[in-house]
Amino acid sequence: MSTAEAESNNFVLWTSAASSLTLLSLYYVFNVAQKPKIYASNKLKAFLIEHVPILNEKYWPTWYNWEGRLQSLMGLFQRISDSQLLPYTREIVTLHDGGELALDCLEPTDPRTTAENDDRLIIFLLPGLTSCSQTSYVKSLVLAVTKVGATAYVLNNRGLGGVALKTPRTYCATKYEDVMEVIAHLKQKHPKEKMIAIGTSLGGMVLSQYLIGHPVEAKENFFAAMMISICWDPLAGTRSLETPFVNKYIVNYTLTSNLTELAVKHRDVLQRRDCWDFDKVLSSKTLREFDTNFTAPQFGYADVLDYYKDGMVAKRVHHFSIPVFALNAVDDPLIPGDYLPMKEAELEGSNLALIVTERGGHLGFLEGVLPVKKPFHYMERVVMDILVAVQSHGDDLKI
């Protein structure tokens with residue numbers, strides 16, 4: 001090949017690469033990076049637009065992994081390292097049936113951000129499926145909470161957070177008796193302070209069930225609530241997770257493996273009950289199989305569909321008695337955008353404000369140019385802005 005031909009080929013390659021990069025950049029700028037959409041009643045929408053500035057800006061996902069499943073995966077690795085443990089104060093809460101769980105607390109470290117007395121916010125955080133207070137995204141949310149001067153309390157569900165399982169009962173998306181006991185405990189400790197609950201993924205589902213089941217009590221206990229990446233429709237979410245290839249064989253399998261590992265860890269205690277075949281439990285390969293073999297029989301459901309139907313909250317959000325701010329992404333593999341309660345949120349008198357981004361995945365919502373760890377991404381910044389708005393303009397939210 002002559003020098004002229006080689007230079008010509010190189011020119012074609014460089015031109016093609018430059019054209020591809022330009023097209024990719026244009027696609028990112030005009031299709032990936034978008035302002036979030038807000039579905040809410042006029043009152044809540046006005047509150048968010050006026051007092052939460054981040055919602056008036058574009059969300060710029062990480063350019064190198066903006067796809068939902070990548071966001072979901074990398075969200076666990078691009079926040080806080082597993083070795084960086086937060087210095088919680090731990091309290092063991094003994095439940096009415098003899099079970100135990102850990103309630104971890106972190107106070108604000110900067111006295112300049114701490115509100116005085118009755119103005120201080122108490123945040124009750126309910127983590128996702130097998131997460132605990134030292135899970136990466138939970139730690140980043142706790143740091144976001146304390147950064148704005150609020151005190152964070154994190155619920156560690158039974159058998160999680162290093163606490164031994166005392167009774168043959170775990171937790172699920174629909175039963176909230178443990179949560180009610182912890183809330184009562186917190187109200188005793190902080191009878192005058194303003195409380196806000198934040199539920200992520202499964203924690204948001206449990207919190208929703210409580211808000212729907214006890215609207216009067218919820219209004220007495222909480223000023224507002226937040227939900228992040230909640231699965232509003234478990235049937236739709238399960239179908240999405242069973243879609244080949246990545247959803248079923250990577251996302252679904254990983255979530256199920258985490259649950260079966262937890263069952264193995266507490267097998268000696270759990271086998272005191274005779275409501276399941278433990279060999280079937282441990283052979284589960286999907287969330288549906290695990291819930292069929294373990295969750296549904298444990299909590300008295302006729303079958304897994306009965307459990308999933310009970311867990312559906314999308315059509316019951318009109319029971320929310322306090323302002324609920326929810327953040328979901330359209331590309332969340334656990335709850336696709338088509339199944340978000342957008343219409344319900346916009347009904348007159350609705351107390352749900354649904355914030356929807358095109359990208360972000362499940363508890364991902366990553367942003368930034370470089371692939372480095374940092375505690376605060378879009379999800380944390382939204383939480384901080386909403387908490388500051390509630391602290392400063394709470395009177396605008398009173399129902």
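In this structure, Tyr253 places its OH atom where only 12 or fewer heavy-atom neighbours from other residues, nucleotides or ligands lie under 6.0 Å away. For Trp60, the CH2 atom sits in a packed shell: over 12 heavy atoms of surrounding residues, nucleotides or ligands are nearer than 6.0 Å. Heavy atoms of other residues, nucleotides or ligands lying less than 6.0 angstrom from NZ of Lys373 number more than 12. For Lys166, the NZ atom is loosely surrounded, since the number of other residues' heavy atoms within 6.0 Å does not exceed 12. Enclosure of atom NZ in Lys343 is not indicated, since only 12 or fewer non-hydrogen atoms of other residues, nucleotides or ligands lie within 6.0 angstrom. For Tyr64, the OH atom counts as densely surrounded, since its 6.0 Å shell holds more than 12 non-hydrogen atoms of other residues, nucleotides or ligands. At most 12 non-hydrogen atoms from other residues, nucleotides or ligands lie less than 6.0 angstrom from OH of Tyr339.
Rounded to the nearest 0.5 angstrom, Ile335 CD1 and Ile230 CD1 are separated by 9.0 Å. Note that the OG atom of Ser41 and the CD atom of Glu348 stand 6.5 Å from one another [nearest 0.5 Å]. Separation of atoms SG (Cys172) and CD (Gln209) is listed at 8.5 Å; rounding is to 0.5 Å. The CG atom of Leu55 sits 9.5 Å away from atom NZ of Lys35, with the distance rounded to the nearest 0.5 Å.
His377 contributes no side-chain N or O that, together with a main-chain N or O of Arg79, makes up a donor-acceptor pair within less than 3.5 Å. For Asn351 (side chain) and Pro323 (main-chain N/O), no donor-acceptor pair under 3.5 Å exists by modelled atom type. Side chain of Lys58 to backbone of Val29: a donor-acceptor contact under 3.5 angstrom is found. No donor-acceptor pair under 3.5 Å is formed between the side chain of Thr200 and the backbone N or O of Gly203. A side-chain donor-acceptor contact under 3.5 Å links Tyr171 to the backbone of Leu129. The backbone N or O of Thr170 lies less than 3.5 Å from a partner atom in the side chain of Gln298, making a donor-acceptor pair. Judged purely by atom type and a 3.5 angstrom limit, Lys280 has no side-chain atom pairing as donor or acceptor with the backbone of Glu289. Listed for the Asn221 side chain is no donor-acceptor partner under 3.5 Å among the backbone atoms of Met195. Listed for the Asp233 side chain is no donor-acceptor partner under 3.5 Å among the backbone atoms of Leu340. Within the 3.5 Å criterion, the main-chain N or O of Pro108 finds no donor-acceptor partner in the side chain of Thr146.
Remark: the Glu344 side chain and the Tyr39 side chain contain no N/O donor-acceptor pair separated by less than 3.5 Å. Using modelled atom types, one finds a donor on one side chain and an acceptor on the other under 3.5 Å when comparing Asn252 with Thr256. Side-chain atoms of Thr62 and Gln71 form a donor-acceptor pair, as typed in the model, at a separation below 3.5 Å.
Considering all non-hydrogen atoms of both residues, Pro36 and Tyr378 come closest at CG-OH, 3.3 Å.
Linking Ile, Leu, Val, Met, Phe, Trp and Tyr residues whenever their side-chain heavy atoms come within less than 4.5 Å leaves Val163 and Leu103 in two separate clusters. Criterion: ILVMFWY side-chain heavy atoms under 4.5 Å apart, direct or through other members. Under it, Ile122 and Leu207 are part of a common hydrophobic cluster. By the criterion of side-chain heavy atoms lying less than 4.5 angstrom apart, applied directly or through intervening Ile, Leu, Val, Met, Phe, Trp or Tyr residues, Ile38 is grouped together with Met384 in one hydrophobic cluster. Both Leu282 and Leu165 belong to a common hydrophobic cluster when Ile, Leu, Val, Met, Phe, Trp and Tyr are linked at side-chain heavy-atom distances under 4.5 angstrom. With hydrophobic clusters built from ILVMFWY side chains whose heavy atoms lie under 4.5 angstrom apart, Val281 shares a cluster with Leu160.
Applying the salt bridge (charged side-chain N to carboxylate O under 4.0 Å, His left out) rule to Asp310 yields no partners; only residues at least two apart in sequence or on another chain are considered.
A cation-pi arrangement is found for Lys194 relative to Phe223, the charged atom lying closer than 6.0 Å to the ring centre and inside a 45° cone about the ring normal.
A salt bridge links Glu177 with Arg169: the closest approach of a Lys/Arg side-chain nitrogen to an acidic carboxylate oxygen falls below 4.0 angstrom.
A ring-centre distance under 6.0 Å is not found for Trp63 and Tyr28. Between Tyr153 and Phe124, the gap from one ring centroid to the other reaches at least 6.0 Å.
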Working note: Thr167 + Arg272, criterion side-chain hydrogen bond (donor to acceptor under 3.5 Å, both in side chains); need CA distance, chi angles, decisive distance, verdict. CA-CA 9 Å; Thr167 61; Arg272 296 176 193 169; over 6 Å; no

